[in-house]
Trainee: 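I'd like to ask some things about the structure below.
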Protein chains: 2
Amino acid sequence: MSDTVTIYDIAKVVGTSPGTISKALNGRHDVGDTLRERIIETAASMGYRPNVHARGLKMKKSWLVGMVYGEDESDSLEHPLFLPIMNAFKRQMEHFGYELLFLSQHSKFIGDSLLSHAFSRQVDGLLLMNVAEHATRSFVTASNAIPMVACDAIVPSLSSVITDNIMASKEAVGYLYGLGHRNIGHIAGPANPVTVGGDERLEGFVQGMHELGLLDANQYVVRAEGWTPNHGRDAFVKLMQTHPDITAVYCAADFYVMGMLQVCRDKGIRIPADISVIGFDDVQWTAFVEPGFTTFRQNKEQLGTVAANRLLAAMDGEQSIDIVRIPAELVVRGSCRNVKWHT
Amino acid sequence: MSDTVTIYDIAKVVGTSPGTISKALNGRHDVGDTLRERIIETAASMGYRPNVHARGLKMKKSWLVGMVYGEDESDSLEHPLFLPIMNAFKRQMEHFGYELLFLSQHSKFIGDSLLSHAFSRQVDGLLLMNVAEHATRSFVTASNAIPMVACDAIVPSLSSVITDNIMASKEAVGYLYGLGHRNIGHIAGPANPVTVGGDERLEGFVQGMHELGLLDANQYVVRAEGWTPNHGRDAFVKLMQTHPDITAVYCAADFYVMGMLQVCRDKGIRIPADISVIGFDDVQWTAFVEPGFTTFRQNKEQLGTVAANRLLAAMDGEQSIDIVRIPAELVVRGSCRNVKWHT
DNA sequence: CTCTATAGCGAAACCGTTTTCGTTACCGTA
DNA sequence: TACGGTAACGAAAACGGTTTCGCTATAGAG
């Protein structure tokens with residue numbers, strides 16, 4: 001069985017030429033109906049699978065798209081967003097006949113080796129997730145040869161789809177303001193390595209505060225030095241030292257909330273009685289601690305799907321580059337207290 | 001620039017034949033040293049990338065391995081094990097020149113369509129993760145045509161690498177026994193759909209208890225009906241109703257512990273004062289709740305690497321099929337109490 | 001000096017498709 | 001009857017590599 005049957009084998013059985021087999025199988029119009037049926041039937045019965053290499057060689061199309069992601073920071077691998085986005089992307093691409101190649105990016109290969117592989121494989125498109133800052137250059141220069149779209153990031157001169165972090169931050173401060181909070185702290189993402197998500201959330205925080213007349217917002221910001229719970233803990237400690245008057249904290253990541261929890265437990269700070277908290281990402285445990293945490297849920301499904309559609313368009317010749325922002329949803333649980341009637 | 005330079009282009013520049021270019025680039029011995037150097041140089045300067053399709057067509061080797069995983073249960077996507085294992089596997093395969101194709105498996109395609117793709121792409125090997133029970137058949141029949149290895153699962157008549165769940169369970173009961181516990185409950189994985197991990201942990205639990213002379217172990221088992229926190233919560237409630245005398249619970253998943261936490265909070269049950277708990281998987285938050293949870297950490301790095309090595313061997317002609325079990329590590333935190341001196 | 005072995009290179013077949021182009025047969029129309 | 005048009009198929013080139021085989025020098029041995 002199954003020693004790779006080719007169109008020649010089918011041709012022999014049916015008694016026609018290989019070219020005709022190809023045409024019949026591809027739905028071309030210049031082959032008779034009865035013959036076509038016979039061909040399709042015997043092809044199926046013989047277990048014929050078109051050889052992708054031969055086809056790709058001739059057609060210069062691989063029906064492959066590469067998913068590149070940075071694997072430097074161990075965060076990214078286990079990042080709660082990564083897999084769901086990837087999966088939505090994959091589902092959509094598959095729907096249009098594409099398969100996915102996995103291309104990770106060690107920092108030692110500054111993207112060049114990765115692009116080599118991409119070219120060799122003749123990938124039809126590239127999805128960039130979480131690419132290291134210093135590697136974007138080579139991608140951008142290659143982007144006229146092979147269509148790309150960035151997801152969960154913004155790469156200049158490339159189409160990008162990303163959560164609307166600024167909007168979310170504004171919503172966060174607006175929500176807290178509405179509950180009566182005025183002294184609101186923000187634990188922001190690290191300055192080094194900088195991430196667009198972290199920066200945008202910070203930017204949105206400051207903007208939102210300003211629009212509400214809270215002009216010293218920058219005073220209430222402390223940047224964590226990484227994305228882990230420990231970093232969040234340290235940042236919170238610092239925030240409490242410099243601004244013991246805060247009644248609410250908006251965290252750029254749920255992991256930060258995790259770190260905060262430890263401190264609060266140790267110092268007897270109650271949530272939300274003593275301090276209100278909003279997180280970001282809606283990781284699984286936020287719903288299962290007591291109280292459940294109010295946090296932002298990124299629309300991972302939509303992020304992946306939109307990225308896929310954008311890439312499909314680009315592969316179809318669409319030239320324009322644009323940034324599409326997907327709104328995040330504020331999931332309200334029990335970590336924020338209404339202080340309006342208690343002051 | 002860069003409109004796909006081929007060996008013909010190089011041949012024109014160097015002034016030799018395409019065949020010689022190929023031989024020089026592949027380190028064949030029948031080409032002069034000076035000429036070889038010149039060829040390698042100009043190839044590099046022209047930005048030559050070998051066309052994988054042409055090569056694959058001739059050599060009948062794709063340097064691609066497929067990673068197939070079931071995506072039915074939303075668990076699997078976000079499963080804390082999946083990505084780290086996959087990444088270790090990938091790193092090892094890449095080291096030997098292979099790239100990874102992502103093949104997920106919707107239940108509607110009962111594996112056949114997936115195998116079609118695998119054949120079309122001429123993948124050199126397949127890693128099976130989390131494949132649905134009903135789909136294993138088609139894989140097994142195809143396994144003589146294309147090498148496979150299962151990971152985090154056991155597929156009969158295929159090489160498999162999996163965590164040593166039985167050993168772990170025995171260690172769990174042994175540890176609790178050593179702390180003085182005798183009435184030990186077990187929240188086991190669901191019977192439907194059954195998973196080898198869940199079953200083995202159950203089996204190990206019963207065996208371990210028996211070996212310690214606790215012969216009614218089966219009485220203290222309740223199977224959850226899924227893998228989510230809510231399923232764990234329900235199972236725990238059931239366990240407490242039928243066996244209020246238990247002093248310790250061994251959970252087949254950390255998610256179950258998550259569910260337990262809610263119940264304990266509601267009913268004022270203190271951990272570990274009133275009840276001791278051991279989980280499985282070492283998900284991130286286990287270290288950040290108070291008390292930190294004692295749990296098993298699977299060696300994801302090794303699982304992935306060993307699976308890769310096993311697959312490489314199989315692709316190299318190794319015929320034997322075997323099951324290799326990777327030990328899990330008991331991470332002791334604060335959720336188990338020593339009751340020896342208090343009874 | 002002649003013969004043979006070998007090193008170094010080119011020619012060409014081959015891998016499995018797709019696609020263009022030509023050929024034939026047959027239809028309908030004038 | 002003659003002619004143009006079309007439907008249905010085959011022949012063959014092309015895609016970009018790899019590899020076998022044959023050829024020509026040159027070196028070394030007798």
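Everything quoted here is computed from the prediction, not taken from an experiment. Throughout, protein chains are lettered first and strands after them, A, B, ... in sequence-line order, and every chain is numbered starting at 1.
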Trainee: Which residues in residues 32-39 of chain A have a heavy atom closer than 4.0 Å to any atom of DNA chain C?
Mentor: none
Trainee: Determine yes or no for a side-chain-to-main-chain donor-acceptor pair under 3.5 angstrom, with A/S160 supplying the side chain and A/L158 the backbone.
Mentor: yes
Trainee: Is there a donor-acceptor contact under 3.5 Å from the side chain of B/T6 to the main chain of B/T4?
Mentor: no
Trainee: Between the main-chain N or O of B/D322 and the side-chain N or O of B/S159, is there a donor-acceptor pair closer than 3.5 Å?
Mentor: yes
Trainee: Which letters describe nucleotides 14-20 of chain D, given B = protein heavy atom under 4.0 Å from base, S = only from sugar-phosphate, - = neither?
Mentor: BBBBBBB
Trainee: Where along residues 10-17 of chain B does a heavy atom fall under 4.0 Å from DNA chain D?
Mentor: none
Trainee: Got more than 12 heavy atoms from elsewhere within 6.0 Å of CG, B/D33?
Mentor: no
Trainee: Indicate yes or no for a side-chain donor-acceptor contact from A/T305 to the backbone of A/Q302 under 3.5 Å, with no hydrogens or angles considered.
Mentor: no
Trainee: Compare all side-chain heavy atoms of A/V65 with those of A/L100 and state whether any distance is below 4.5 angstrom.
Mentor: yes
Trainee: Identify, with sequence neighbours excluded, every residue that meets salt bridge (Lys or Arg N to Asp or Glu O under 4.0 Å) alongside A/D30.
Mentor: A/K23
Trainee: For A/D124, enumerate each residue passing the salt bridge (Lys or Arg N to Asp or Glu O under 4.0 Å) test, keeping only those at least two apart in sequence or located in another chain.
Mentor: A/K61
Trainee: Test your reading of the model: is there a side-chain donor-acceptor pair from A/S120 to the backbone of A/H117, 3.5 Å cut-off?
Mentor: no
Trainee: Kindly write out the residues that satisfy salt bridge (Lys or Arg N to Asp or Glu O under 4.0 Å) with B/R36, not counting sequence neighbours, or none if the list is empty.
Mentor: none
